[in-house]
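Quick note on labels: first sequence line is chain A, next is B, and so on, each numbered from 1.
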Amino acid sequence: MNRALLSAAEKVELAREAGKRTHHFHGGLRLRHNKKISCQDPVIQPPLPASLTVPLLQHIGDVAEPFVSAGDAVLKGQAIGQCQPCATIHSPVSGTVEAIENRPMGHPSGQAGPCVIIRPDGREQWTGLTSIENWQDANPETLINQLQNCGLVGLGGAVFPTHTKARDGRNRNIHTLILNGSECEPYISCDEMLMREQPEKIVLGARILRRTLGAERVIIAIEDQMGAVQKALTRAADLADCKSISVVKVTTIYPEGGERQLIQVLTGLEVPAGGRPSDLGLVCQNVATAAAVADAVVEGKPLIERYVTVTGNGIAHPRNFKALLGTPFSHLVALSGGYTDDVARLVVGGPMMGYPLASDDEPVVKASNCLLALTAKDIEAPQPEMPCIRCGECARVCPATLLPQELHLQVRNGLWEQAQEYGLSACIECGCCDFVCPSHIPLVDWFRYGKGQQRERALEKTATEQARMRFENREARLLKSKQERAAKMAARKQLLQGKAAQQDRIKASIARAENKTAKPGNDNPGTGEQGKLPDDT
Amino acid sequence: MSKGDLKQILVDGSWRQNTGLVVLLGLCPLLAVTNTVINGLALGLATMLTLMVSNLSVSLMRGFLRPEIRIPAFVLIIASVVTVIELLMQAFFYDLYRVLGIFIPLIVTNCAIIGRAEAFASRNKVLPAIVDGFATGLGFCITLVLLGALREIIGHGTLLSGAQMLLGDWGQHLVITIVPGHPDFLLAMLPPGAFFALALLIAARNAWETRKENTQNQPVTVLNTGHDPA
Amino acid sequence: MTRNFRTSGAPHMPPQNTIAKVMLQVLLALVPGVLAYSWFFGPGILIQIILATLFALLFEAIILRWRGRPLKPFINDYSAVVTAVLFALCIPPLAPWWISCIAMLFAIVFAKHLYGGLGQNVFNPAMVGYVVVLISFPQAMTSWLPPLALAQQSPELMSVGLLASLKIIFSGTVPFAGGWDAITQATPLDTLKTGIEAGRMVPEIRNTPLFGDYGGMGWEWVANWFALGGIYLLYKRTISWQVPVAMIATTVLLSLPFWLADPDSNPFPLQHVFSGAIVLGAFFIATDPVSGCVSNRGRLIFGVGVAVITLVIRRWGGYPDGVAFAVLLMNMAAPLIDRYTRPRMYGE
Amino acid sequence: MGEHLLILVSTVLANNFVLVRFLGLCPFMGVSNKLEGAIGMAIATAFVLTLSSVSSYLLHQYLLLPLKLEYLSTLSFILVIAVTVQLTEMFMRKSSPVLYRVLGIFLPLITSNCAVLGVALLNVQEQHNLLQSALYGFGAAAGFGIVLIMFAAMRERLAIADVPMPFKGAPIGLITAGMMALAFMGFKGLANL
Amino acid sequence: MMKKGLSVIRSSLLLGIIALMGTALLAGVNALTHERIIEQEKMRVLQQLNEIVPVDSFNNDLLADRIEIQDEAFFRHPAPVTVYRARMDGKAVAIMMMLTAADGYNGDIRLLAGIDVHGTVLGVRVIAHKETPGLGDPIELERSDWILSFTEKSLNNPQLDGWNVKRDGGQFDQFTGATITPRAVVRATRRALQYFDANTQALFDTASIKAE
Amino acid sequence: MLISILVLTALGLVFGLGLGWAAIRFRVDSDPLIERIDALLPQTQCGQCGFPGCRPYAEAISSDQADINQCPPGGEAGVKALADLLGREPKPLNPENGEETAKTVVVIDEQRCIGCTLCIQACPVDAIVGAAKLMHTVIESECTGCDLCLPPCPVDCIDIIPVRTSIPGWRSPRPAKVVLTQ
Ligand SMILES: Cc1cc2nc3c(=O)[nH]c(=O)nc-3n(C[C@H](O)[C@H](O)[C@H](O)COP(=O)(O)O)c2cc1C
Ligand SMILES: Cc1cc2nc3c(=O)[nH]c(=O)nc-3n(C[C@H](O)[C@H](O)[C@H](O)COP(=O)(O)O)c2cc1C
Ligand SMILES: Cc1cc2nc3c(=O)[nH]c(=O)nc-3n(C[C@H](O)[C@H](O)[C@H](O)COP(=O)(O)O)c2cc1C
Ligand SMILES: Cc1cc2nc3c(=O)[nH]c(=O)nc-3n(C[C@H](O)[C@H](O)[C@H](O)CO)c2cc1C
Ligand code: SF4
Ligand code: SF4
Ligand code: SF4
Ligand code: SF4
Ligand code: FES
């Protein structure tokens, strides 16, 4: 059966069988896992740092407007910033707002942005929390509002506001919620630790989300190397007496944690290009998001802390933390025994998709799942960048079945239309192509650049279109008013010269008649023909 | 029309806007008949003659031609001139006529000629038109000869072989052997060699022109590994 | 404690594969075939490989210098060596030294660097070099040696040792009485072609000692060893299966009906495969990533195209073998094929 | 049948008009920067070439030969061609202005595409009959079109390649054409016409 | 309407006038050169013939005194063989046969073979061929003297089996790497001699002169 | 000889007639090209091209009244796009029309604005709002940066500022050139 040829409805039907058996996706890489090193010790909650930097942009969307100003006292969990319809930002501690200023804020750009700097008072005094104890009976809309008020965003990396996704899901007949626990990038182990330590919370979150979305069932997808996790999750599901949750193991292959790839593995179907999982009746959320949902709904706790892995060959004692948002990474590094001597690069996220940090002063944000310290040896390339030899390795591993070698040339040379046609926007920036390229071309950098340019061009195009319309409207308006004025003037004139005009008309008709007789050779001077003449010339 | 203008036309036609090397028109004869210098020279002269006569006539007629018959009219004029030349060659240079073959009547379609008629002669007075025809023809002829020389030397190691076809029997003694005992390098004689030779000629001209332009501008030796446009 | 770090885009694990490794893999895969070649046909081929490599590197260095490009990374990538070796495998083992020189000039300078160098050439450099010398010096390029075994058997032929080979290659003259005619012979494909054109039957032609079990004597074994190397490359995923499979399958399938219809004037399909450059071409030449197609469908078309053109040239054309021309012709078509065979993207 | 096939094979492959016979090179070099334009040119040329091949054959056979006016063949052929082209041009300008813009100055210059006159003259030289003339014209145009389109696709790749300065543009185009001619040498002997 | 009609007529008139002037010019030049062109064409053929048969050995009009024979079975080629006869004061001196060998490497080879009345080869020339340049083209006189090796030979010098290339046990050299081309030329020449031998009478028969 | 002259003259006449007829029959009336050219222009409506707005310039290009290199806001990229569409060679911007500059917008200094409405009348895209005698504001997202509102302002209260970029508006930079030295 060719799954690509099915109709949309058939695909949704088929997607209901998600998880029954696993499928393959194109390409991908088997990478060394390197997760063990950070899973040896239990997760600890670090002591409070001297000050916390809470960026006002920790999600996809606009920068939040702060509610507080320098000098204000804040309580733990108090909302300190919001923008409609983004996720709310909360204070992770109780203390004083020292300043609101631009600081490096853990954004991939490395740019500074508005942050609230809070000095903790050490009392850890919570603000008043509103929880929804009886969530089983609550209206989904109430739940969604609760998620929004608690500042929930996807913790799998995209930090997309959860309430938006949930609200959209309610309108789209979601039948299956997929919890993404297949943390596929090397080194990162925060989701695994979470699933080991708090399976009940994840199951609870899954049930709440299921209700919120109106889905029938939940699939928790984990990697086949996480044996203990499966047991823990299944036990938790059994304890909750929840039949609709199943735990599915998928083979470890990067980037299977990518939503589209995971869906392909679970259903054998592809999310339509330019579409979303909800087109198949699916919603995918990270397991940590689910745990945070449980906290938010049952305890009313906003999203102020998350699991963070601090690992890599550049860290003396890699481990996981349950860190408050806003904690500087340097604080966590110090608690992990500090750096080794040959540390050379800091990365937030995994080695494949993470972004580099210029300084370890930057704070933990909602998106920070891992701080990876790499040594010079780790990042040393055996060869400089060379021209592409079109070997096709990149295309073989590309999970989006693109032709990275062609895309690269198109982006590099600004052939935007062609790049569009070759699916630049379908690139998930997974880095597989980059990793195998024998020419060491920074393909993903090029694709990120290209996608940025394309977005820019699209914006420009709408702006241009808008300007054109406004210009044309204005022209039309001016023309109309001019004509109206002229008509008015003419009417006045006519009124004045009524008589004279009449005489003129008589004169004119006499002249026409004379004209006719003066041209004997022309026996058919159709009036239409004459009328058209001025146009013709 | 001052002397300076005419000189300008001469330089433009024969070097700056050289049909073969810059404008890339008239490529077919340029590649097809240049396996020896003499062939090139002969066709070059014939083309030059055609250009001058056609420019002259087009310039004379420039007042009357309406757009829809402009091209047919030019073509008619050129074709007449070329046929005359063809008949004369057939009568007086029969061997050459046979060697150049179909490319003599095809002078008619040498895009350069109609191009000059259209772009220059139909807009200018008679004298500049003739000078332009001469200059363009000269440029074309020089290119033909250069290309012929390049191919003949590389291919055969000789120059001016077959001169008797153009000059009569005494031409036989003009043949110069540049590389004695040259093992024929057939590539130069075959179609691919023609393309390569012209490419090299144009590249040489480009290199010459750019060097002239920026003698003080030192070329940078650090360059990208690949695909970035300059 | 604040520390500052160097930044650079993801991924943060540099690829371990390099161009040099890829090219060395190809060279390694060629070793069995080359050894078999010199076993069956004498040491001339080894001299040709060394010569061609030296010339290739020389021209590569000169042109890199002229273009103002760094020498080291581009000399060390071994791509010029692959070009040289593949070219050397196509020419008669005793071709004079300047053949390599001229061919490498065209391969490295014209076909490769004028197009921008490594990775940007449209045509297969080795084949460009080969075709240039083939059409320019047909005599030198058609003076093939018979297999050593045959030369030792037949009274009118001489076998050529290492010293004699050196002498012939560098002086261009034959130290034996009887000249070239005493040491050279037409290749099996040529014999077949001229034989068929002269109206002889294929079985009858194949009865001459020049032929082996299914290909030419000696040639079939060389082809086998090249195939082995090719399979190694397939296993290593240095080449993808589409080109070799398409090419060999098409050769068989297309020649089969001809053979079935008239076995007397058409060779057996396997004979097509194992004579001439089909095997070498299928695994090493048509697979050149740079001048080939990028998509899998495109590669299939490429392989089919090479095989079809080769057979057409063999059957109706003026050359006994057409692999080199076929590869160049498909190189020409590759950008066009690429334009129309973009693979289906995820979700499309 | 066989003979007609031979004409096609010969004009398209063995004696390709552009690469082997050197006819029609100006549009070959001029309209090959964009694949789109090349395809348009190929189609336009196929149309004009077949049409003018036939009409000039008719002219020659039924007017010039009976009247013993062979020496007027060049003149009258070119006239026929110019008119065919002019009509095509006007038609195209009306029906597809964009294509018309893309082909730019080259459409009127099909007149001076020597392939067109070349076909007419060669038809006479080789004493083709009507069908043969039509096939010859069509084959020539097909050969022209095929190499033009492939050339254009290659040139799109060349446009973004790191070609050495003096070779940028026309020279590398010519080198490529030379390589194509080299490849076409392989068809030598394919059709011994 | 009027204007449009006028412009049509005007264009056609103009084109007509230009055509008229062009044609007038051409007709004039043609009239002047016509004779000479025909002369030139004749000269060319004569030149080829004279290379083999000395001009002073005959005094008839070679171009007029010719016959065409068609014998596909014998010559192995469908093309007619043109035979020019040289006579001195009406007495047979030699013939020249323009024949075609089909078995070249790349198709037909056109040859001119001169045979004197005693059956001795006066000379052979290759008129046209498509053999591989560099391999098969030493049959041209411009490339090598090989073609001269036929001069003075006849059917019994050498004996019949000597009329072969060396590789086939005959007397004539082949070229290194190319046997097919010389083989074809040798065979064609031998056939010409054999045909002459068998049909000497008929070949010189004046009755078959074609009316020009 | 006479025949030949007659024949060819007749041919010329016939063809001339045919062409003349065709010239009328196939005359081009409208030009959809204008739309396509206009679509490539930046719609800044600044008039630097020498035409009162982008569309008039598009019309001028299509009728060969103007060259393709006269629009500074479109920049080199714009010229190239036009050249591609029209099958011409790209050329550098005509310096007479101005230089390609970074994109800007304007703001009205609300303190100094006297509410004269002169700028509103000048703005080709209605990007300024305000009423007579009241303070005016530029809608930043709709301003094309054409600067046409500057000259009429009697109190010089309009300032040009670069387009503000925010962090969400951040775009990945072009990867650095890899430089390999000899
Ligand atoms: C290449 C790639 C790899 C990803 N890997 C993971 C992963 O390992 N775990 C995960 O939860 N999300 C991963 N994601 C994010 C998922 O695609 C998806 O956005 C997420 O699971 C949705 O859940 P959230 O909204 O709760 O974050 C990855 C995304 C991409 C593009
Ligand atoms: C209602 C809605 C639901 C979405 N659901 C998902 C989702 O499930 N997974 C995801 O990765 N992105 C989701 N997105 C995000 C969009 O697909 C898209 O990635 C986002 O708008 C950013 O677009 P940009 O990066 O092109 O600006 C959703 C967006 C909307 C508006
Ligand atoms: C491309 C090519 C062209 C050839 N051209 C000719 C030719 O024109 N004439 C010829 O006799 N042999 C030609 N040959 C050689 C014949 O195929 C054949 O090898 C030769 O005639 C046999 O002679 P030998 O026994 O001396 O080797 C050519 C071979 C090749 C590969
Ligand atoms: C699988 C493979 C096959 C290759 N085949 C060729 C070949 O046929 N000819 C050649 O010149 N280079 C070949 N190369 C080397 C390299 O791709 C070539 O030098 C580039 O074309 C130079 O830009 C090959 C390389 C690989 C990896
Ligand atoms: S892996 Fe690298 S070298 Fe190979 S095709 Fe892709 S981009 Fe080119
Ligand atoms: S980064 Fe983009 S192009 Fe590269 S493998 Fe991943 S999806 Fe494919
Ligand atoms: S110069 Fe200004 S008005 Fe003219 S086209 Fe460009 S943006 Fe539009
Ligand atoms: S506000 Fe000023 S600069 Fe902006 S579009 Fe209007 S007139 Fe132009
Ligand atoms: S000269 Fe042949 S097309 Fe221009």
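Ranked by heavy-atom pairs under 4.5 Å with chain C, the first of A:Val444, A:Val347, A:Leu402 is A:Val347. Ranked by heavy-atom pairs under 4.5 Å with chain C, the list A:Ser439, A:Ala381, A:Ala400 is led by A:Ala400. Per-residue counts of heavy-atom pairs under 4.5 Å with chain C were compared for A:Ala273, A:Pro351, A:Cys437; the largest is that of A:Pro351. Interface summary for chain C: among A:Gln405, A:Gln264, A:Glu393, A:Met352, the most heavy-atom pairs under 4.5 angstrom belong to A:Met352.
Comment: A:Arg276 does not engage A:Asp279 in a salt bridge, judged by the lack of any side-chain N to carboxylate O separation of less than 4.0 angstrom. Using a cut-off of 4.0 Å between Lys/Arg side-chain N and Asp/Glu carboxylate O, C:Arg342 and C:Glu348 are scored as salt-bridged. For C:Arg344 and A:Glu270, the salt-bridge test passes: some basic side-chain N is under 4.0 Å from an acidic carboxylate O. A salt bridge links A:Arg390 to A:Glu406: at least one charged side-chain nitrogen sits closer than 4.0 Å to a carboxylate oxygen. A salt bridge is absent between A:Glu362 and A:Arg103: the closest approach of a Lys/Arg side-chain nitrogen to an acidic carboxylate oxygen does not fall below 4.0 angstrom.
Interface remark: A:Asp434 contributes backbone and side-chain atoms alike to the contact with chain C (heavy atom separation under 4.5 Å). With a 4.5 Å cut-off on non-hydrogen atoms, A:Glu185 does not touch chain C at all. Contact annotation for A:Ile428: neither backbone nor side-chain heavy atoms come within less than 4.5 Å of a heavy atom of chain C. For chain C, the nearby part of A:Glu380 is the backbone; its heavy atoms alone come within less than 4.5 Å. Interface remark: C:Arg299 contributes side-chain atoms only to the contact with chain A (heavy atom separation under 4.5 Å). For C:Asp77, the part sitting under 4.5 Å from any heavy atom of chain A is the side chain, from C-beta outward, and nothing else. With a threshold of 4.5 angstrom between heavy atoms, C:Val22 approaches chain A through side-chain atoms but not through N, CA, C or O. Of the two parts of A:Tyr355, only the backbone, made up of N, CA, C and O, holds a non-hydrogen atom closer than 4.5 Å to a non-hydrogen atom of chain C. Both the backbone and the side chain of A:Tyr422 come within less than 4.5 Å of a heavy atom in chain C. No part of A:Pro108 comes within reach of chain C, as not one of its non-hydrogen atoms sits under 4.5 angstrom from that chain.
No hydrogens or angles considered: a donor-acceptor pair under 3.5 Å links the side chains of C:Tyr232 and C:Gln25. For the residue pair A:Asp378 and A:Asn313, a side-chain donor N or O sits within less than 3.5 Å of a side-chain acceptor on the partner.
Ring-plane geometry between C:Phe110 and C:Phe106 is classed as parallel, the angle between the planes falling under 30 degrees on a 0 to 90 degree scale with a further cut at 60.
Within the 4.5 Å cutoff, the side chain of A:Val265 has heavy atoms near those of the A:Phe25 side chain.
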